[in-house]
Each structure stands twice: as structure tokens, then as C-alpha cells.
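Written out below as C-alpha cells is the structure these notes cover.
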Amino acid sequence: MRTRLRRAVVAAVALLTATSALPAAAAQGQGRQQHPSHGGLSATIRYTEYGIPHIVAKDYANLGFGTGWAQAADQVCTLADGFVTVRGERSRFFGPDAAPDSSLSSATRNLSSDLYFKGVRESGTVEKLLAEPAPVGPSRQVKDLMRGFAAGYNAWLRQNRITDPACKGAAWVRPVTELDVAARGFAFAVLGGQGRGVDGITAAQPPTTAAAGAPNAQDTARAARELLAADSADMGSNAVAFSGATTANGRGLLLGNPHYPWQGGRRFWQSQQTIPGELNVSGGSLLGSATMSIGHNARVAWSHTVATGVPLNLHQLTLDPADPTTYLVDGKPERMTRRTVTVGTKDGASVTRTQWWTRYGPVVTSLGASVPLPWTTTTAYALNDPNAANLRASDTALGFSKARGTADVLKSLQRTQGLPWVNTIAADAAGHSLFTQSQVLPRVTDELAQRCSTPLGKVTYPSAGLAVLDGSRGDCALGGDADAVQPGIFGPAKMPTLTDAPYAENSNDSAWLANAERPLTGYERIFGTIGTQRSLRTRGAIEDVAALARRGDLTVADLQAQQFANRVPAGDLTAADAAKACAALPGGTATGSDGKAVDVTEACGVLAAWDRTANTGSRGALLFDRLWRRIPAAQLWKVPFSTADPVGTPNTLNTGTTAFTTALADTVTELRTANIPLNSPLGDHQFVIRNGKRIPVPGGTESLGVWNKVEPVWDAANGGYTEVSTGSSYIQAVGWNGSRCPVARTLLTYSQSSNPNSPHYSDQTRLFSQERWVTSRFCEKDILSSPSLRVVRVRS
């Protein structure tokens, strides 16, 4: 039986290969013969271990069909929820006051989400981008993928019964269109721009009376820094590329470790996509995308990290004293454009609101809850988001998927300029390495900011990279670079880029120390900082990868070891001093924030014995984690940051403050109150529950500096950290050995399906708990030899 099955698969793949090799006219003719005038699509899906699909199709439309079908099989409820969002229908099905899951925007209520996305739909924004010729708009191949994806998703809905309780029988699970798929891509593109200001865009209304004055510049700058840092913490990453100079065989190596949400619409989904003779790529796609977000082919591997570039800027408007909906540019009045949007709600009522748009973008009255931008009778703020004209990310990804080396990756970035908010790190079989911060950013040069910043912008730009320009002056327009794909953005020549360094690494700090021995400088402030303090995760990562590069003779096994070393840089820097200071406390007691004395003697010994790792078996890791979170950052260090030693400073725990002893007492009290022993193994109290069973989770939070980052959710009453919000997600360690098949190990930490009834709901999560990997089945011989091989032929 197995032999016959494999022969059938080989025959199917051979047929597809033969079709792809035919002249265009003949191939189209054969396609019409196979699929009559109803325009049906089809694909072959070979499933291997852990439910990983290997999708084979004869062209891009059919590949999109197979991808949409297979994604729906694993994630239909999550996908359907996202499609409700981009249609602006959340209030209709879930009520206006409920909160979206924040996957596709920062909206805090369904109503504001709907008002924004319904406005995008009714203004024809996405249709206009689809109609733009490439490279400004998406290519024919990408549009075929989107069209096919929608058809595949719809075919799965028609042909299958939903078993996921999250949407079983739900009226909001409906067929979708190519426009819905493209609108989801648009939402991803503007996450860092308009998506960040959805509440402020939809709430913006002209003042009817004298409103509050200008925002406090220092408070706004601080809030902007915190907002941008929170975005990175919510969705960050690590990645490192090693050049052939450091490896055992002279070929490159890549370790990608993105930190994305474990629930909702920004999950990755793993697959292989093949059009024989045209495309062959494996990796992780963001849900709803028909292209590979992070992955590898036979010759090159790439990953992304969330970049520090600020993908928006503000224009401060000077308003006509007689009309707050008219603003002045070079003394001439321009009326704002009204965008009136009506949203249906669950109780049958409708809500109508007006949004206000300018030549710069929408008027916005806040960025998040903490950055107010009041619309007064004299002043308003317009948000410029260049990614609102960017539907090119899929073409960038498709270029990566077909690349033969890092040079082709860079060419794809230069040709399409499609990445809105990430860096790219890549390595190839020829031994090249690459880091580049090639993202779509407003063309705000330091010179322009110096010349055109308002008083608010003079504080927010140097502090947070958020430019606030004088919108009343025509000479403060963003201008353009000759090599840029669209007006108002930086061209490829301005992107911080490092090629062929022994290692190129990023952990969500700026491009400055992608390689500590070859620092990148000279870029504009909007890209990020130079010569400033790095995060502990960046510092720990540079220490680790620089040591590996110096050691040399690296293999994929070294990448695997780095991923799960679970070293806690904060612990290496401070745990010994903390234990020593604890042991020196008079009477072994410390005073808590409630004024009560607490016996902390046991904690001293636990901290001293801790192995400084965040493995599931590490005793003392949980105690240190809870202690570390309580010490104010401003009171942590005795030795401050120094640009002369950016990786080694700041250092030396400041144990002489009451902040340390109070934090120690409160931590001991917290754990004892929760009946958690101070020396418990981390995995006993850091876990997720899947189908009623606990699965221990290794790794640690952002501030600890652990490479294997997880952001666990504290619930002391139920045992400690009982869920993970974000963290290590689609992990890949890739190298080459001279054969046609890359040496690749992968892991999708939260598994392929969010359906608790799926066999692939938690299988890779258990692997993650055990620090085990999946061996990538990239070549045909490996796919066909899988003991779990299951072949599905899908048709519309």
C-alpha cells in the first residue's frame, strides 16, 4: 500500500513538472483540458510529521489554492476572525464594545476597528493598490496567489465540517475574496503606522469648544519611547547569520528565532511550497499570507527581526481660525476630506462616524492611550504612514523564496521595498551573510527634522525617532529618493546594511551593533539610535554569537545548542551579588513594601545555587525572575552604560538600595502565599495547558535577556505562569553540506493548529518543552520516506 501511494505521488509530481516545463501556450492548453471552463483550481498536498504540508501545484494560482485550503484546515477560526476584522464587521457579530485580539491593529474596541477597516474598504484603498503596476503594486504572480488562496479557503469551507469549538456553526465564518486576502496584507503593512493610531483616527472630531492646549513635549516623548518599546516586546525576534569564515565547511548558517504571539492572527503556519521548475521553498507564513514570511530554499535561508525604524511621522497642522477642518499650507487654506463610515452592530443599530483626512494622512488625536495629540481650534495632527501605499511585502517574500543567495535577497528588497517594520538576516550555501534594515520609512532626514520640527518634534525626534513636522510649510514635505519605489520614503541606498561579516545578529535593537567589531553608523535617527544602551537580550546575544564566531568550525548543531542554551544574562551579571547581599542581611530578614519583616534566608541559598539558566528543570530561575521584575530599572546598576564597552555595560547590581531588599521580601512573600517553593523547578510553574495537560515551557522574559524568549502570563492562584502570550515561535536552524538538500531543523512552538480537536494542536509544543527539533523534509526523497506521509489532492 505504501509503495503504491508513493508511486502515485511521484507520478503526480512528475505530471506537474512536465506541465511546468511546457511552453506557455501548451501549458495553458493542458490546464484547460484538466480543468474545464468553470475555472477550477487544484493542488497536491503531502503531509509529513506534525501535520506539515508540502504543497505542489503547477502555477501560482493553484499554489495559492493549495495554501489557502491547507491553512483553513488548520486555522479556519483564526483566519475567519481576521477576515471579519478587515471587512469592518466585528461589531455586527461580537458587539461594539468587545476588544479585538490586536493581531491586525491596536484598536481597543471592535467599533473603532470596524470604523477604520470599513473606511479603508469604502475608500477603495486596497483596490487602488492592487491596480498599480508592479513594482509599485503587487505582481501578477502575487495576485494569482491571493486569488488562489481565497478560492482554496472557500473550497475547504464547502467541503469540510468545522470541528473547532471557537467557530463551529458560527455565522461569521463565510467565503472570502481576493480583496479580503489583500486587505489582510494591508493590515499587516500598516500595523506600525495607521494601525497603531486606529483609536485616535476614528475618535478624531473637530473641537466645538476651546480644547486642551499642546501636549507636554517631555511627557509625549517618554510615552512615545515606551509605546515603541512595548511594540518590540510584544513582537520581537532574534536572528544570526554566520559567514563561511566561521563554519566547519565554509558554507553559511542561519538561526532564526522570531518572538510572535502564541494566539490569534499573527501566528506562523509552517509549510513547503513547490511549483516544479519555478519555486521550492519551506518555512513559516503569517496566517492569511500566501507567501513564505521566514524560510529557506535549497541555497539561501532568511529570517526577520522587528526593526527600530519608526514607520510613521506626524505633521502638525495650523488650522484656519474660522474653521478647524481647514488647515493652511504656505498660507493657503486646504479643506480636510470627510470620510463618513457607518458600522452595523450586534443589536441591529448602526453607528455613523466621520473621519478627517488631509494631504498627509488622517487626523489623529492619540497614538495609543498614552500619547495624546489634542485637536484644538488652532492645531491638529495628521499621521503619515507610507506603508498605507505598500502592498509589496508578498513580492519581497516571493523574491526571497526564489533567491539563490544573499545577493538575490538584497536585490529583492531593493526592487520591491516591501517590508514595513522588520530587518532581514540571511545566509547562503556559498558562505555569505547579510544583515539589512531595509524597511519602508518616511523620508525624514536629520536635516529635515532639524529644519522643520515643531517644538514637540524637537523633543520626540531625538528621543524616540518620532518626527513631528510643520505641516504649514510646503518646504517641509518629505521629498523623495531617486532609487525609491514610491515617493516620500528612503531609497535602498540609505538602508543600514552589513554583508559578509563573520556574524550578523539582531535582537530588536538598532542596526548599530549587528556585528560589534563592524558597527554600522551614519544612518538617520528615524532608523534607530547609535551609541546608546542595548537591551540585555542584545548584549547576551552578541556575547554568545561572537564567541561562537571566534571558536569557528560551526555546524547546525551549534545553532540548535544556542537556541536552547537558555542562558540568563541578567543572572550571570547579578545573581551572585544578589545572593551575597541577601546572605548579609541582619537576621536574615528584609522588609517588604507592606512594612513587614520577611525571613529571606532560604532565598539566599536558592539564588546562590541557581545555575543561571531558564531550563524547565532550573531551580531558582522562577525566584530570580519574580525578583528581577520588581527592581526598578533606574536603580539596577552601579556601573552605568559606556559607549567604550556597549556589550559589557551597565553592570554590577546595586544591592545597597532599599529597592533591592524590598523586592526580595515581596518576592518571597508572593511565592510562599501561592504555595510555590522557592527552589521549584521552573517548568513546574511555567507551563501551558493543552487539552487539560500541563506542558512545561523553557525560556524567559525580555528583561532577563534570554535568547529563547517567552512572555508568560502570571496567574499565581493557578500555579504560576500558566500561558504564554508571545515568544519563540517559528524557529529554524539552517545550513548546507554540499548536497542538493539543505540541512535544516525547525520548530513551531505552538504547533500547526489552534483547534483543540486537531492532532497537531500541541504536538510541536511538547517538542519545544523537551527542546527537541523537527528535521526538515525538503527534498523529494525525504518527503516520500516520511512514515507519516499522507497525500491529499484538493480541488475547487
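Keep in mind that the numbers below use all heavy atoms, side chains included, and drop hydrogens, waters and symmetry copies.
- Aromatic ring centroids of Phe527 and Phe490 lie under 6.0 Å apart.
- Between Asp330 and Arg473 there is no salt bridge, since no side-chain nitrogen of the basic residue lies less than 4.0 Å from a carboxylate oxygen of the acidic one.
- Looking only at atom types and distance, the side chain of Thr416 has a donor-acceptor partner in the side chain of Thr396 under 3.5 Å away.
- Counting all heavy atoms, side chain and backbone alike, His259 lies closest to Trp707 at NE2-O, 3.4 Å.
- Contact of the Leu559 side chain with the Gln562 side chain is not registered, since no non-hydrogen atoms from C-beta on lie closer than 4.5 Å.
- Not a single donor-acceptor pair under 3.5 Å links the side chain of Glu505 to the backbone N or O of Ile425.
- No donor-acceptor pair under 3.5 Å is formed between the side chain of Arg251 and the backbone N or O of Gly431.
- Side-chain polar atoms of Arg184 and Ser289 form no donor-acceptor pair below 3.5 angstrom.
- The backbone N or O of Ser237 sits less than 3.5 Å from a side-chain atom of Asn508, completing a donor-acceptor pair.
- The CG atom of Leu398 sits 7.0 Å away from the OG1 atom of Thr291 when rounded to the nearest 0.5 Å.
- Across all their heavy atoms, Phe435 and Ala511 have their closest contact at CE2-CB, 3.5 Å.
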Show the numbers, then the answer: is there a side chain to side chain donor-acceptor pair (under 3.5 Å) between Glu711 and Thr726? CA-CA 5 Å; Glu711 293 299 335; Thr726 65; 5.4 Å; no
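- Side-chain contact of Asn651 with Thr649: a donor-acceptor pair under 3.5 Å is absent, judged by distance alone.
- Counting heavy atoms from C-beta outward, Phe268 and Ile294 have side chains that approach closer than 4.5 Å.
- Minimum interatomic distance between Leu312 and Gly193 (heavy atoms only, all atoms of both residues): CD2-CA, 3.7 Å.
- Contact annotation: the side chain of Asp428 never approaches that of Arg299 to less than 4.5 Å [non-hydrogen atoms, C-beta and beyond].
- Under the side chain to side chain donor-acceptor pair (under 3.5 Å) rule, Asn257 has a single partner from Ser729, Ser507, Ser728, which is Ser728.
- Judged by distance alone, with hydrogens and angles left aside, the side-chain atoms of Asn297 form a donor-acceptor pair with the main-chain N or O of Ala403 at under 3.5 Å.
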Between Asn238 and Thr305, does the side chain to side chain contact (heavy atoms under 4.5 Å, CB included) criterion hold? Intermediate values first, please. CA-CA 6 Å; Asn238 305 306; Thr305 60; 5.6 Å; no
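- Contact detail for Leu130 and Pro138: the closest heavy-atom pair is CD2-CG, 3.9 Å.
- Taking a 6.0 Å sphere around CD of Gln450, one finds it holds 12 or fewer heavy atoms contributed by other residues, nucleotides or ligands.
- Ion pair Glu543/Arg539 not flagged as a salt bridge, since none of the NZ, NE, NH1 or NH2 atoms sits closer than 4.0 Å to an Asp/Glu carboxylate oxygen.
- Atoms CD1 and OG1, from Ile530 and Thr643 in turn, are 12.5 Å apart once rounded to the nearest 0.5 Å.
- No donor-acceptor pair closer than 3.5 Å links the side chain of Arg537 to the backbone N or O of Val706.
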Derivation and outcome, side chain to side chain donor-acceptor pair (under 3.5 Å), residues Thr497 and Thr436: CA-CA 4 Å; Thr497 299; Thr436 182; 2.8 Å; yes
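- When atom types are taken as modelled, the side chain of Gln439 and the backbone of Ala307 share no donor-acceptor pair closer than 3.5 angstrom.
- Judged by distance alone, with hydrogens and angles left aside, the side-chain atoms of Tyr360 form a donor-acceptor pair with the main-chain N or O of Gly471 at under 3.5 Å.
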From CA spacing to verdict: side chain to side chain contact (heavy atoms under 4.5 Å, CB included), Leu104, Phe188: CA-CA 6 Å; Leu104 299 177; Phe188 283 135; 3.8 Å; yes
So Asp408 and Lys402, salt bridge (Lys or Arg N to Asp or Glu O under 4.0 Å) or not? Walk me through it. CA-CA 8 Å; Asp408 288 342; Lys402 296 191 285 187; over 6 Å; no
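- The minimum heavy-atom distance linking Trp512 with Thr532 is given by the pair CZ3-O, 3.5 Å.
- Between Asn708 and Gln563 there is a side-chain heavy-atom pair separated by less than 4.5 Å.
- The distance from atom OH of Tyr381 to atom CG of Leu469, rounded to the nearest 0.5 Å, is 12.0 Å.
- Atom CG of Asp395 sits about 8.0 Å away from atom OG of Ser412, to the nearest 0.5 Å.
- Between Lys494 and Glu524, no side-chain nitrogen of the basic residue sits less than 4.0 Å from a carboxylate oxygen of the acidic one, so the salt-bridge criterion is not met.
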Check the pair Val329 / Ser472 against side chain to side chain contact (heavy atoms under 4.5 Å, CB included), numbers first and verdict last. CA-CA 4 Å; Val329 181; Ser472 71; over 6 Å; no
Would Arg550 and Thr246 satisfy side chain to side chain donor-acceptor pair (under 3.5 Å), going step by step from the backbone distance to the final call? CA-CA 7 Å; Arg550 287 193 298 270; Thr246 69; over 6 Å; no
Check the pair Phe242 / Leu548 against side chain to side chain contact (heavy atoms under 4.5 Å, CB included), numbers first and verdict last. CA-CA 9 Å; Phe242 290 101; Leu548 286 169; 4.1 Å; yes
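- Under the 4.5 Å side-chain criterion, counting only non-hydrogen atoms from C-beta, Tyr503 is in contact with Glu517.
- Side-chain atoms of Asn390 come within 3.5 Å of backbone atoms of Arg392 as a donor-acceptor pair (strictly under, hydrogens ignored).
- The minimum heavy-atom distance linking Leu254 with Ala426 is given by the pair CD1-CA, 3.8 Å.
- The number of heavy atoms from other shown groups lying within 6.0 Å of CZ (Arg629) is above 12.
- Residue Thr424 holds its OG1 atom at 10.5 Å from CG of Asn506, rounded to the nearest 0.5 Å.
- In this structure, Ile489 and Gln417 have side chains that are in contact, with non-hydrogen atoms separated by less than 4.5 Å.
- Rounding to the nearest 0.5 Å gives a distance of 11.5 Å between CG of Asp572 and CG of Leu704.
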Test log, rule side chain to side chain donor-acceptor pair (under 3.5 Å), inputs Ser535 and Asp509: CA-CA 7 Å; Ser535 73; Asp509 272 312; 3.3 Å; yes
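- By the 4.5 Å heavy-atom criterion applied to side chains, Asp199 and Ser106 are not counted as neighbours.
- At distances below 3.5 Å, at least one donor-acceptor pair connects side-chain atoms of Trp628 with backbone N or O atoms of Ser703.
- Side-chain contact between Arg525 and Tyr461 is present, with heavy atoms from C-beta onward closer than 4.5 Å.
- For the pair Thr460 (side chain) and Leu466 (backbone), a donor-acceptor distance under 3.5 Å is present.
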